[in-house]
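Protein chains get the first letters and strands the later ones, always in sequence-line order, with residue 1 at the start of each. Atom set for the values below is all heavy atoms of this structure, side chains included, hydrogens, waters and symmetry mates excluded.
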Protein chains: 2
Amino acid sequence: MNRVQNIIEHAEQHCKEHGARLTNKRKHVLSGLLASEIALSAYELTEYCKTEFDEAIPAMSVYRILEFLEEEHLVHKLKLANKYVACAHITCDHDHGVQQFLICNECQRVKEISIDKSTIKKLQRNVEDAGFHLLSPQLEMNCLCERCMVSAA
Amino acid sequence: MNRVQNIIEHAEQHCKEHGARLTNKRKHVLSGLLASEIALSAYELTEYCKTEFDEAIPAMSVYRILEFLEEEHLVHKLKLANKYVACAHITCDHDHGVQQFLICNECQRVKEISIDKSTIKKLQRNVEDAGFHLLSPQLEMNCLCERCMVSAA
DNA sequence: ATTGATATGTTATATCATAACATTTCTTGC
DNA sequence: GCAAGAAATGTTATGATATAACATATCAAT
(Lines give C-alpha, C1' and ligand atoms only; values in the text may rest on other atoms or scores of the structure.)
Protein backbone atom coordinates (compact mmCIF):
# COMPACT_ATOMS: atom_id res chain seq x y z
CA MET A 1 0.00 0.00 0.00
CA ASN A 2 1.39 3.38 -0.88
CA ARG A 3 1.90 6.28 1.46
CA VAL A 4 -1.24 8.20 0.52
CA GLN A 5 -3.50 5.16 0.82
CA ASN A 6 -2.00 4.35 4.16
CA ILE A 7 -2.72 7.82 5.49
CA ILE A 8 -6.24 7.72 4.08
CA GLU A 9 -6.85 4.49 6.01
CA HIS A 10 -5.70 6.15 9.19
CA ALA A 11 -7.92 9.12 8.48
CA GLU A 12 -10.89 6.88 7.86
CA GLN A 13 -10.28 5.07 11.12
CA HIS A 14 -9.98 8.39 12.92
CA CYS A 15 -13.31 9.53 11.52
CA LYS A 16 -15.09 6.28 12.34
CA GLU A 17 -14.09 6.56 15.95
CA HIS A 18 -16.58 9.34 16.47
CA GLY A 19 -19.13 8.51 13.85
CA ALA A 20 -17.92 10.81 11.08
CA ARG A 21 -17.92 9.56 7.51
CA LEU A 22 -14.94 9.84 5.24
CA THR A 23 -16.81 9.50 1.96
CA ASN A 24 -15.15 8.85 -1.38
CA LYS A 25 -15.24 12.49 -2.38
CA ARG A 26 -13.73 13.48 0.92
CA LYS A 27 -11.06 10.86 0.40
CA HIS A 28 -10.33 12.19 -3.04
CA VAL A 29 -9.96 15.76 -1.86
CA LEU A 30 -7.77 14.65 1.01
CA SER A 31 -5.63 12.50 -1.24
CA GLY A 32 -5.17 15.48 -3.55
CA LEU A 33 -3.65 17.39 -0.67
CA LEU A 34 -1.64 14.39 0.45
CA ALA A 35 -0.22 13.88 -3.02
CA SER A 36 0.72 17.52 -3.38
CA GLU A 37 4.02 18.99 -2.30
CA ILE A 38 2.47 22.42 -2.19
CA ALA A 39 -0.58 24.07 -0.73
CA LEU A 40 -3.62 23.95 -3.03
CA SER A 41 -6.71 26.08 -3.44
CA ALA A 42 -10.23 24.67 -3.45
CA TYR A 43 -10.43 25.26 -7.19
CA GLU A 44 -7.13 23.49 -7.77
CA LEU A 45 -8.55 20.54 -5.89
CA THR A 46 -11.59 20.35 -8.16
CA GLU A 47 -9.10 20.26 -11.03
CA TYR A 48 -7.21 17.46 -9.35
CA CYS A 49 -10.30 15.35 -8.81
CA LYS A 50 -11.32 15.90 -12.40
CA THR A 51 -8.03 14.85 -13.91
CA GLU A 52 -7.06 12.19 -11.38
CA PHE A 53 -10.40 10.49 -10.68
CA ASP A 54 -12.50 11.88 -13.53
CA GLU A 55 -14.83 13.11 -10.84
CA ALA A 56 -16.36 16.58 -11.18
CA ILE A 57 -16.71 17.88 -7.65
CA PRO A 58 -18.01 21.45 -7.80
CA ALA A 59 -15.98 24.08 -5.96
CA MET A 60 -18.82 24.63 -3.53
CA SER A 61 -18.63 21.00 -2.47
CA VAL A 62 -14.87 21.12 -2.22
CA TYR A 63 -15.17 24.00 0.21
CA ARG A 64 -17.62 22.02 2.29
CA ILE A 65 -15.39 18.99 2.18
CA LEU A 66 -12.39 21.07 3.23
CA GLU A 67 -14.41 22.44 6.10
CA PHE A 68 -15.24 18.92 7.19
CA LEU A 69 -11.62 17.82 6.90
CA GLU A 70 -10.51 20.81 8.94
CA GLU A 71 -12.95 19.93 11.69
CA GLU A 72 -11.50 16.44 11.69
CA HIS A 73 -8.01 17.96 11.96
CA LEU A 74 -7.00 16.25 8.77
CA VAL A 75 -6.41 19.47 6.87
CA HIS A 76 -5.14 22.95 7.71
CA LYS A 77 -6.27 26.14 6.08
CA LEU A 78 -3.47 28.59 5.46
CA LYS A 79 -4.92 32.07 5.67
CA LEU A 80 -1.72 33.64 4.49
CA ALA A 81 -1.94 31.85 1.17
CA ASN A 82 -5.67 31.19 0.94
CA LYS A 83 -4.79 27.59 0.33
CA TYR A 84 -5.02 24.24 2.07
CA VAL A 85 -2.58 21.54 3.15
CA ALA A 86 -3.00 18.06 4.59
CA CYS A 87 -2.04 17.76 8.22
CA ALA A 88 1.44 16.29 8.49
CA HIS A 89 0.47 14.15 11.49
CA ILE A 90 -2.54 12.14 10.45
CA THR A 91 -0.82 8.86 11.19
CA CYS A 92 0.54 9.98 14.57
CA ASP A 93 -1.72 8.69 17.28
CA HIS A 94 -0.34 10.93 20.01
CA ASP A 95 -1.46 14.51 20.37
CA HIS A 96 1.01 16.63 18.50
CA GLY A 97 0.33 20.06 19.93
CA VAL A 98 0.13 23.31 18.06
CA GLN A 99 1.90 23.58 14.78
CA GLN A 100 3.46 26.42 12.87
CA PHE A 101 3.49 26.69 9.11
CA LEU A 102 6.38 27.76 6.97
CA ILE A 103 5.08 28.76 3.59
CA CYS A 104 7.42 29.23 0.66
CA ASN A 105 6.45 32.45 -1.04
CA GLU A 106 7.85 31.23 -4.33
CA CYS A 107 6.52 27.72 -4.75
CA GLN A 108 3.89 27.36 -2.01
CA ARG A 109 5.68 24.43 -0.48
CA VAL A 110 4.66 24.17 3.16
CA LYS A 111 6.44 22.73 6.16
CA GLU A 112 4.66 22.08 9.40
CA ILE A 113 6.91 22.50 12.43
CA SER A 114 6.71 22.72 16.19
CA ILE A 115 8.36 25.74 17.67
CA ASP A 116 9.67 25.09 21.13
CA LYS A 117 7.27 25.84 23.94
CA SER A 118 9.41 28.48 25.61
CA THR A 119 9.56 30.60 22.46
CA ILE A 120 5.82 30.36 22.06
CA LYS A 121 5.39 31.33 25.70
CA LYS A 122 7.54 34.41 25.22
CA LEU A 123 5.62 35.34 22.12
CA GLN A 124 2.40 34.92 23.98
CA ARG A 125 3.61 37.12 26.81
CA ASN A 126 4.56 39.85 24.33
CA VAL A 127 1.06 39.71 22.94
CA GLU A 128 -0.63 39.80 26.33
CA ASP A 129 1.54 42.75 27.34
CA ALA A 130 0.08 44.60 24.39
CA GLY A 131 -3.40 43.93 25.70
CA PHE A 132 -4.31 41.36 23.10
CA HIS A 133 -4.99 37.68 23.47
CA LEU A 134 -3.41 35.23 21.04
CA LEU A 135 -6.24 33.06 19.76
CA SER A 136 -3.92 30.35 18.60
CA PRO A 137 -0.16 30.17 18.37
CA GLN A 138 -0.59 28.45 15.04
CA LEU A 139 1.62 30.91 13.23
CA GLU A 140 1.99 31.14 9.49
CA MET A 141 5.25 32.53 8.25
CA ASN A 142 6.36 33.87 4.90
CA CYS A 143 9.47 31.94 3.99
CA LEU A 144 11.63 30.69 1.19
CA CYS A 145 12.17 26.93 1.03
CA GLU A 146 15.57 25.39 0.44
CA ARG A 147 15.03 24.77 -3.24
CA CYS A 148 13.83 28.28 -3.93
CA MET A 149 16.70 29.75 -1.92
CA VAL A 150 19.13 27.86 -4.12
CA SER A 151 17.44 28.81 -7.37
CA ALA A 152 17.14 32.43 -6.27
CA ALA A 153 20.87 32.62 -5.51
CA MET B 1 -3.65 70.82 13.53
CA ASN B 2 -5.18 67.44 14.27
CA ARG B 3 -3.38 64.17 14.62
CA VAL B 4 -4.13 62.87 11.15
CA GLN B 5 -3.06 66.08 9.44
CA ASN B 6 0.12 66.09 11.44
CA ILE B 7 1.01 62.58 10.36
CA ILE B 8 0.17 63.38 6.76
CA GLU B 9 2.62 66.27 6.90
CA HIS B 10 5.32 63.94 8.16
CA ALA B 11 4.50 61.47 5.44
CA GLU B 12 4.69 64.15 2.79
CA GLN B 13 8.05 65.28 4.08
CA HIS B 14 9.25 61.69 4.06
CA CYS B 15 8.18 61.28 0.44
CA LYS B 16 9.73 64.53 -0.68
CA GLU B 17 13.08 63.49 0.71
CA HIS B 18 13.53 61.03 -2.09
CA GLY B 19 11.47 62.64 -4.78
CA ALA B 20 8.25 60.72 -4.30
CA ARG B 21 4.96 62.57 -4.54
CA LEU B 22 2.24 62.28 -1.96
CA THR B 23 -0.64 63.39 -4.15
CA ASN B 24 -4.05 64.40 -2.85
CA LYS B 25 -5.56 61.02 -3.62
CA ARG B 26 -2.71 59.29 -1.88
CA LYS B 27 -3.20 61.57 1.08
CA HIS B 28 -6.88 60.77 1.15
CA VAL B 29 -6.32 57.04 1.12
CA LEU B 30 -3.66 57.34 3.79
CA SER B 31 -5.84 59.55 5.94
CA GLY B 32 -8.63 56.98 5.65
CA LEU B 33 -6.33 54.42 7.20
CA LEU B 34 -5.06 56.88 9.78
CA ALA B 35 -8.57 57.79 10.84
CA SER B 36 -9.63 54.18 11.16
CA GLU B 37 -9.26 52.12 14.29
CA ILE B 38 -9.46 48.97 12.24
CA ALA B 39 -7.86 47.50 9.15
CA LEU B 40 -9.65 48.42 5.94
CA SER B 41 -9.93 46.81 2.53
CA ALA B 42 -9.22 48.66 -0.69
CA TYR B 43 -12.92 48.75 -1.44
CA GLU B 44 -13.71 50.15 1.99
CA LEU B 45 -11.20 52.90 1.28
CA THR B 46 -12.95 53.88 -1.95
CA GLU B 47 -16.10 54.14 0.15
CA TYR B 48 -14.31 56.31 2.65
CA CYS B 49 -13.00 58.71 0.00
CA LYS B 50 -16.45 58.91 -1.52
CA THR B 51 -18.24 59.78 1.70
CA GLU B 52 -15.50 61.80 3.35
CA PHE B 53 -14.07 63.76 0.42
CA ASP B 54 -16.77 63.19 -2.18
CA GLU B 55 -14.00 61.81 -4.33
CA ALA B 56 -14.63 58.70 -6.42
CA ILE B 57 -11.34 56.86 -6.53
CA PRO B 58 -11.85 53.58 -8.38
CA ALA B 59 -10.74 50.44 -6.57
CA MET B 60 -8.02 49.84 -9.13
CA SER B 61 -6.47 53.18 -8.24
CA VAL B 62 -6.78 52.51 -4.55
CA TYR B 63 -4.81 49.31 -5.02
CA ARG B 64 -2.10 51.23 -6.84
CA ILE B 65 -2.07 53.90 -4.19
CA LEU B 66 -1.81 51.29 -1.45
CA GLU B 67 1.09 49.73 -3.30
CA PHE B 68 2.82 53.09 -3.43
CA LEU B 69 2.17 53.73 0.25
CA GLU B 70 3.55 50.31 1.12
CA GLU B 71 6.74 51.03 -0.79
CA GLU B 72 7.03 54.25 1.18
CA HIS B 73 6.55 52.24 4.39
CA LEU B 74 3.55 54.33 5.26
CA VAL B 75 1.13 51.44 5.11
CA HIS B 76 1.23 47.73 5.90
CA LYS B 77 -0.69 45.07 4.10
CA LEU B 78 -2.09 42.41 6.38
CA LYS B 79 -2.19 39.19 4.43
CA LEU B 80 -4.05 37.41 7.17
CA ALA B 81 -6.98 39.77 6.86
CA ASN B 82 -6.57 40.96 3.26
CA LYS B 83 -6.75 44.45 4.63
CA TYR B 84 -4.52 47.45 5.15
CA VAL B 85 -3.39 49.57 8.08
CA ALA B 86 -1.37 52.77 8.38
CA CYS B 87 2.07 52.30 9.82
CA ALA B 88 2.07 53.23 13.48
CA HIS B 89 5.46 54.93 13.24
CA ILE B 90 5.18 57.47 10.47
CA THR B 91 6.13 60.32 12.77
CA CYS B 92 9.06 58.47 14.32
CA ASP B 93 12.25 59.56 12.65
CA HIS B 94 14.36 56.73 14.01
CA ASP B 95 14.34 53.32 12.40
CA HIS B 96 11.80 51.25 14.27
CA GLY B 97 12.79 47.75 13.25
CA VAL B 98 10.49 44.94 12.28
CA GLN B 99 6.97 44.99 13.56
CA GLN B 100 4.47 42.32 14.41
CA PHE B 101 0.77 42.71 13.94
CA LEU B 102 -1.91 41.63 16.34
CA ILE B 103 -5.18 41.41 14.50
CA CYS B 104 -8.45 41.14 16.37
CA ASN B 105 -10.48 38.45 14.70
CA GLU B 106 -13.70 40.00 15.87
CA CYS B 107 -13.40 43.69 15.08
CA GLN B 108 -10.30 43.93 12.87
CA ARG B 109 -8.60 46.26 15.30
CA VAL B 110 -4.86 46.05 14.77
CA LYS B 111 -1.98 46.66 17.12
CA GLU B 112 1.55 46.98 15.86
CA ILE B 113 4.11 45.74 18.37
CA SER B 114 7.79 44.93 18.58
CA ILE B 115 8.57 41.51 19.91
CA ASP B 116 11.86 41.35 21.70
CA LYS B 117 14.85 40.49 19.57
CA SER B 118 15.76 37.31 21.41
CA THR B 119 12.35 35.78 20.84
CA ILE B 120 12.54 36.62 17.16
CA LYS B 121 16.02 35.12 17.01
CA LYS B 122 14.77 31.88 18.51
CA LEU B 123 11.89 31.79 16.13
CA GLN B 124 14.23 32.36 13.26
CA ARG B 125 16.49 29.57 14.41
CA ASN B 126 13.53 27.19 14.58
CA VAL B 127 12.69 28.07 11.01
CA GLU B 128 16.24 27.68 9.74
CA ASP B 129 16.49 24.30 11.46
CA ALA B 130 13.52 23.23 9.37
CA GLY B 131 15.41 24.19 6.22
CA PHE B 132 13.37 27.27 5.49
CA HIS B 133 14.38 30.89 5.51
CA LEU B 134 12.14 33.43 7.17
CA LEU B 135 11.62 36.19 4.61
CA SER B 136 10.59 38.68 7.22
CA PRO B 137 9.81 38.29 10.89
CA GLN B 138 6.85 40.58 10.37
CA LEU B 139 4.41 38.15 11.92
CA GLU B 140 0.67 38.52 11.79
CA MET B 141 -1.24 36.92 14.61
CA ASN B 142 -4.87 36.05 15.08
CA CYS B 143 -5.92 37.62 18.33
CA LEU B 144 -8.77 39.02 20.32
CA CYS B 145 -8.44 42.63 21.43
CA GLU B 146 -9.27 43.77 24.94
CA ARG B 147 -12.68 45.11 24.05
CA CYS B 148 -13.75 41.98 22.23
CA MET B 149 -12.42 39.80 25.03
CA VAL B 150 -14.64 41.65 27.46
CA SER B 151 -17.71 41.54 25.27
CA ALA B 152 -17.14 37.86 24.52
CA ALA B 153 -16.96 37.03 28.21
C1' DA C 1 4.60 75.19 -25.09
C1' DT C 2 6.53 70.54 -25.73
C1' DT C 3 7.72 66.35 -24.19
C1' DG C 4 8.53 62.55 -21.33
C1' DA C 5 7.47 60.66 -16.89
C1' DT C 6 4.23 59.78 -13.46
C1' DA C 7 -0.42 59.18 -11.90
C1' DT C 8 -4.99 57.98 -12.59
C1' DG C 9 -9.09 56.13 -15.18
C1' DT C 10 -11.54 52.29 -17.60
C1' DT C 11 -12.79 47.84 -18.68
C1' DA C 12 -12.41 43.18 -18.28
C1' DT C 13 -11.43 39.30 -15.81
C1' DA C 14 -9.13 36.07 -12.37
C1' DT C 15 -9.40 34.08 -7.94
C1' DC C 16 -11.24 32.94 -3.45
C1' DA C 17 -15.41 32.34 -0.94
C1' DT C 18 -20.28 32.04 0.81
C1' DA C 19 -25.52 32.08 0.71
C1' DA C 20 -29.79 29.88 -0.36
C1' DC C 21 -32.19 26.33 -1.86
C1' DA C 22 -32.71 21.58 -4.43
C1' DT C 23 -31.56 16.90 -4.85
C1' DT C 24 -29.35 12.68 -3.77
C1' DT C 25 -27.59 9.26 -0.70
C1' DC C 26 -27.19 7.06 3.61
C1' DT C 27 -28.94 5.22 7.92
C1' DT C 28 -32.00 3.57 11.12
C1' DG C 29 -36.17 1.92 13.17
C1' DC C 30 -40.00 -0.47 11.87
C1' DG D 1 -37.49 -4.11 2.41
C1' DC D 2 -39.14 0.51 3.15
C1' DA D 3 -40.41 5.03 5.03
C1' DA D 4 -38.62 9.01 7.27
C1' DG D 5 -35.18 11.83 8.73
C1' DA D 6 -30.33 13.06 8.58
C1' DA D 7 -26.27 13.87 6.14
C1' DA D 8 -23.91 14.82 1.91
C1' DT D 9 -23.71 16.76 -2.40
C1' DG D 10 -25.42 19.57 -6.39
C1' DT D 11 -26.94 24.02 -8.46
C1' DT D 12 -27.19 28.74 -9.10
C1' DA D 13 -26.18 33.18 -7.90
C1' DT D 14 -23.37 36.42 -6.02
C1' DG D 15 -19.91 38.79 -3.05
C1' DA D 16 -15.11 40.07 -2.02
C1' DT D 17 -10.40 40.60 -3.10
C1' DA D 18 -7.17 41.35 -6.66
C1' DT D 19 -4.66 41.98 -11.15
C1' DA D 20 -3.89 42.76 -16.28
C1' DA D 21 -3.98 45.66 -20.23
C1' DC D 22 -4.55 49.67 -22.24
C1' DA D 23 -6.28 54.78 -22.36
C1' DT D 24 -6.12 59.33 -20.60
C1' DA D 25 -4.80 63.05 -17.64
C1' DT D 26 -1.54 65.55 -14.95
C1' DC D 27 2.95 67.09 -13.58
C1' DA D 28 7.75 68.65 -14.14
C1' DA D 29 11.56 70.11 -16.56
C1' DT D 30 13.50 72.00 -20.41
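As a whole-Å value, the separation of Lys25(B) NZ from dT6(C) C1' is 14 Å. Taking atom CD of residue Glu55(A) and atom P of nucleotide dT25(C), one finds them 12 Å apart after rounding to whole Å. The distance between atom CZ of Arg21(B) and atom C1' of dA25(D), rounded to the nearest whole Å, is 12 Å. Separating the CG atom of Asn24(B) from the C1' atom of dA7(C) is a distance of 12 Å, rounded to the nearest angstrom. Atom-to-atom, CD of Glu44(A) to C1' of dT15(C) comes out at 10 Å; the value is rounded to the nearest Å. The OH-C1' distance, from Tyr63(A) to dA16(D), rounds to 11 Å in whole Å. Ile57(A) places its CD1 atom 14 Å from the P atom of dT25(C), with the value rounded to the nearest Å. At whole-Å resolution of the value, CZ in Arg26(A) and P in dC26(C) are 12 Å apart.
Taken to the nearest 0.5 Å, the CG atom of Leu123(B) stands 7.0 Å off from the CD1 atom of Ile120(A).
Residue Arg64(A) has its side chain nearest to dA20(C) when only dT19(D), dA20(C), dG9(C) are considered.
Under 4.0 angstrom from either OP1 or OP2 of dT9(D) there lies at least one side-chain N or O belonging to Thr23(A).
His89(B) is linked by a side-chain contact (heavy atoms from CB on, under 4.5 Å) to Cys87(B), Cys92(B), His96(B), Gln99(B), Glu112(B), counting only residues two or more places apart in sequence or in another chain.
Looking at Arg26(B), Lys27(B), Arg21(B) one by one, the single match for salt bridge (Lys or Arg N to Asp or Glu O under 4.0 Å) with Glu12(B) turns out to be Lys27(B).
Ring-plane geometry between His28(A) and Phe53(A) is classed as parallel, the angle between the planes falling under 30 degrees on a 0 to 90 degree scale with a further cut at 60.
Of the residues in residues 68-86 of chain A, not one places a heavy atom less than 4.0 Å from an atom of DNA chain D.
Two residues, Ser61(A) and Ala42(B), neighbour DNA chain D, and the one matched to the more 5' nucleotide by heavy-atom proximity is Ser61(A).
If you check distances only, the side chain of Tyr43(A) does reach the base of dA17(C) with a donor-acceptor pair under 3.5 Å.
Looking at His133(B) and Glu128(B), their side chains do bring a donor and an acceptor atom within 3.5 Å of each other.
Under a hydrophobic clustering in which Ile, Leu, Val, Met, Phe, Trp and Tyr are joined whenever their side-chain heavy atoms come within less than 4.5 Å, directly or via other members, Leu80(B) and Ile103(A) fall into the same cluster.
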Q: Apply the test ring pair (Phe, Tyr, Trp, His ring centres under 6.0 Å) to residues His76(B) and Tyr84(B): give CA-CA distance (whole Å), side-chain angles for both, the deciding distance (0.1 Å), then the verdict.
A: CA-CA 6 Å; His76(B) 301 288; Tyr84(B) 302 82; over 10 Å; no
